[in-house]
Amino acid sequence: MSSSSSSEKVRASHILIKHQGSRRKASWKDPEGRVISATTRDDAVSQLKDLRVDIVSGKASFSDVASRYSDCSSAKRGGDLGSFGRGQMQKPFEEATYALKVGEMSDIVDTDSGVHIITRTG
């Protein structure tokens, strides 16, 4: 299977932490956006890095962390976004996901939504 195939779909889960620079400063956890508006990008990155360490060390599973901490509504599904093809996600998110092998987790990925860590699941 060639990764240059434009019809190839991937499946991924992610954890999103929103911050002051996010285009929408509200989430299921923070409907008023009070916490998000007070969170700098650096704070969001450092929170995400700590969560990533917990996942890598086996202290917590990706889906548990996503369901507790992610600002995305996909948190209800353990961060699962389902399958998507090229052109359906923000460019940095898409590029990071397609660059991962199945089962791999990304480093910090910046988008207009906030900062993410992504696991490719299919």
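Once rounded to the nearest 0.5 Å, the distance linking CG of D64 with CG of D54 reads 11.0 Å. D80 contributes atom CG, which lies 10.0 Å from atom CZ of F62 (distance to the nearest 0.5 angstrom).
With S70 contributing its side chain and L16 its backbone, the two residues share a donor-acceptor pair below 3.5 Å. A donor-acceptor pair under 3.5 Å is absent between the side-chain atoms of D71 and the main chain of I17, judged by distance alone. When atom types are taken as modelled, the side chain of R52 and the backbone of S106 share a donor-acceptor pair closer than 3.5 angstrom. Judged by distance alone, with hydrogens and angles left aside, the side-chain atoms of R120 form a donor-acceptor pair with the main-chain N or O of G122 at under 3.5 Å. Q88 contributes a side-chain N or O that, together with a main-chain N or O of G85, makes up a donor-acceptor pair within less than 3.5 Å. The backbone N or O of S113 lies less than 3.5 Å from no partner atom in the side chain of K18, so there is not a single donor-acceptor pair. Of the possible polar contacts, none joining the E32 side chain to the A26 backbone as a donor-acceptor pair under 3.5 Å is found. For the pair W28 (side chain) and A75 (backbone), a donor-acceptor distance under 3.5 Å is absent.
Between K9 and F84, the closest side-chain pair of non-hydrogen atoms is not below 4.5 Å. For the pair H14 and S74, the minimum side-chain heavy-atom distance is below 4.5 Å. Under the 4.5 Å side-chain criterion, counting only non-hydrogen atoms from C-beta, S83 is not in contact with V10. Within the 4.5 Å cutoff, the side chain of R11 has no heavy atoms near those of the V102 side chain. Looking only at side-chain heavy atoms (C-beta outward), L100 and M105 stay at 4.5 Å or farther from each other.
Environment of CZ in R34: sparse, with no more than 12 heavy atoms of neighbouring residues, nucleotides or ligands closer than 6.0 Å. Counting non-hydrogen atoms of other residues, nucleotides and ligands closer than 6.0 Å to NZ of K49 gives a total of 12 or fewer.
Between R24 and D112 there is no salt bridge, since no side-chain N of the basic residue sits under 4.0 Å from a carboxylate O of the acidic one.
Relative orientation of the F93 and H116 rings is perpendicular, given thresholds of 30° and 60° on the angle between their planes.
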message = For a side chain to side chain donor-acceptor pair (under 3.5 Å) check, start with the C-alpha distance between T40 and D43, then their side-chain angles and the critical distance, and finish with the verdict.
response = CA-CA 5 Å; T40 65; D43 289 341; 3.2 Å; yes

